[in-house]
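The structure appears right after this line, and notes come after that.
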2 protein chains.
Amino acid sequence: MEEEKQTIRAVERALDVLLCFTAGNDLGLTEISQRVGLHKSTVFRLLATLEHRGFVIRDEATEKYRLGLRVLELSASLRREDDPALLLIGEMERLRDQLGETISLYVRDRKDRVRIQAVQSQQAIRRVAPVGARLPLSVGASSKILLAFAEPEVQDLLLSDPSWPASLSPEAYKEQLREIVQAGYATSFEEREPGAAAISAPIFGRNGKLFAALSVSGPSNRLTPDAMLECAPAIVGAAKRMGALIG
Amino acid sequence: MEEEKQTIRAVERALDVLLCFTAGNDLGLTEISQRVGLHKSTVFRLLATLEHRGFVIRDEATEKYRLGLRVLELSASLRREDDPALLLIGEMERLRDQLGETISLYVRDRKDRVRIQAVQSQQAIRRVAPVGARLPLSVGASSKILLAFAEPEVQDLLLSDPSWPASLSPEAYKEQLREIVQAGYATSFEEREPGAAAISAPIFGRNGKLFAALSVSGPSNRLTPDAMLECAPAIVGAAKRMGALIG
DNA sequence: ACCAATGTTTCGTAGCGTGAAACGGAAAGA
DNA sequence: TCTTTCCGTTTCACGCTACGAAACATTGGT
């Protein structure tokens, strides 16, 4: 049960503190200590260390903490010249212009999916999709794609994981995933967020393995089930072209 | 020579390991341990911790370490809706289209400057400017802007800092900065990188304090001293308009 | 086969991180 | 003005925990 990997507690705690800031707004010391469940003085020292390296800074006015520019520096190193997300942005823009909706690119990262690239719809009412967002793998069209086309062993691992919602029976869900493999795309209608719908198709690399899920999302009154059925071929086609672009 | 702030050694080391990856390429355990000057087993545990939280991952093929998507998640929180860099991108694009060169936005972060936004030139030969890059405050046109228009106390602090190159006399440099304040803009010609030139102007916030340096950079055979002199008014004007846009 | 280089595990020690408590300071309320 | 309250900061003794040497494992090169 318990073969925890050998990790360093203080570092783990520091990273937890950092992750608090994914919420977005600035945080005070006490608020952080409550959120991570650590003593004030412990968090104080952790924050002092993070600040010393520039990972967090203090807002001069409010005295609260926020992320520092060091994380921008790190993320710049993530986006390298060979970043697939950069290669695919052109094709994504073309699809956006064709369909008028927001286009996202998701990859699986452990037990979540992460939006690694996005081009926003130009319409007044649109889905806004910030790059970097981390979302659950249990709901949404792209989640189903990432699961349905994953290698069987990771699929089993994820569906049997304790973090998998008990309300979703693995057996029934697998049947649904098989249908998606058959169809070649997946849809979701007001599944994760009310008023939103999405349709997603898989992008395979040259090695034949799933690389990412291409997803079109918008308001559910525009992306009706019928409308999604209609634009599915375009999305599947774009995903196929993208697969040819990446290594 | 005294009291360092109270920080946590293990965390500090972990952050140093993370910062190794700003180089860009993937790193092996031994290489990291040499770079940060720590024992292999120590780095091994630090990396295991960073990996456990998703800040680094291992390339399946090469077994080397690289940054994980958690840093993308963090950087997304840095780019919020009220991010000034997002407000200014429109004006930057306009300036790019007018001058045909790459436009960058720099802010001072401690003893460095960081490029927080950029729009790339469309020309075949152009300056490429990745967002997030951290550069020294001692060379380059935008460095001079960030120093010249900084509050006097931080200017003194930076010029007297041990990290300031001894070859640049603070006295003479201050005189140069005064001239820049007079002119309202700064230039650099093959100063930091051979073959590159830049011209930069300050952006002030509503509070009258310096917010960032707007910079135009390109190959030195296009951005000749004469050409820079010619386009200076356009850049100063754009910087002024940008100042009105931010809070 | 050897050697060299890298990644992983073990283990005893002491140095370090920990959390309770006390301190200081600012803002809110009576 | 004097409380009260809430934050942030500092101190300190205890005992856990992170440390590094060394051994072990694994690979690839010659």
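Residue numbering restarts at 1 for every chain, and letters A, B, ... go by the order of the sequence lines. Atoms considered below: every heavy atom in the structure, side chains included; atoms not considered: hydrogens, waters and symmetry mates. Source: prediction; values computed, not measured.
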Check the pair A:E12 / B:T49 against side chain to side chain donor-acceptor pair (under 3.5 Å), numbers first and verdict last. CA-CA 6 Å; A:E12 202 114 21; B:T49 313; 4.8 Å; no

Would you please test A:E171 and A:K174 for salt bridge (Lys or Arg N to Asp or Glu O under 4.0 Å) and show each step? CA-CA 5 Å; A:E171 314 308 327; A:K174 272 194 177 179; 5.9 Å; no

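- Atom C1' of nucleotide C:dC16 and atom CG of B:L38 are separated by 15 Å, given to the nearest angstrom.
- Cation-pi geometry between B:R115 and B:Y106 is not satisfied (NZ or CZ under 6.0 Å from the ring centre, within 45° of the ring normal).
- Taking atom CD1 of A:I8 as the reference point, atom C1' of C:dT18 lies 16 Å away to the nearest angstrom.
- Remark on the helix from C:dC3-D:dG28 to C:dC23-D:dG8: inter-end axis angle 50°, axes from five-pair C1' superpositions, rounded to 10°.
- Taking side-chain N and O atoms only, A:R13 has a distance below 4.0 Å to OP1 or OP2 of C:dG19.
- Heavy-atom nearest nucleotides on DNA chain D were determined for A:Q34 and for A:R9, and the one closer to the 5' end corresponds to A:Q34.
- Under 3.5 Å, the side chains of A:S142 and A:R113 contain a donor-acceptor pair of N or O atoms.
- OP1 or OP2 of D:dC19 has not a single side-chain nitrogen or oxygen of B:T42 nearer than 4.0 Å.
- Nucleotide C:dC16 holds its C1' atom 14 Å from the CD atom of B:E12, rounded to whole Å.
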Under 3.5 Å between N/O atoms: give me all the protein pairs with nucleotides 8-14 of chain D, atom names plus distance.
from  : atom 1 : to    : atom 2 : distance (Å)
D:dG8 : OP1    : A:L29 : N      : 3.1
D:dG8 : OP2    : A:L29 : N      : 3.1
D:dG8 : OP2    : A:T30 : N      : 2.7
D:dG8 : OP2    : A:T30 : OG1    : 2.7
D:dG8 : N7     : A:K40 : NZ     : 3.2
D:dG8 : O6     : A:K40 : NZ     : 2.9
D:dT9 : OP1    : A:R58 : NH1    : 2.8

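- For the pair B:R127 and B:E193, the minimum side-chain heavy-atom distance is below 4.5 Å.
- You'll find the side chain of A:L88 stays beyond 4.5 Å of the side chain of A:Q117, heavy atoms only.
- Following rounding to the nearest Å, B:L47 (CG) and D:dC19 (P) show an atom-to-atom distance of 12 Å.
- Atom CG of A:L137 is separated from atom NZ of A:K144 by 12.5 Å, given to the nearest 0.5 angstrom.
- Computed from coordinates, the B:D16 CG to D:dC19 P distance equals 12 Å when rounded to whole Å.
- The ring-ring contact (aromatic ring centres under 6.0 Å, His included) check on A:F204 picks up A:F149, with sequence neighbours excluded.
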Side chain to side chain donor-acceptor pair (under 3.5 Å) between A:T22 and B:E73, intermediate numbers included: CA-CA 7 Å; A:T22 52; B:E73 198 180 350; 4.5 Å; no

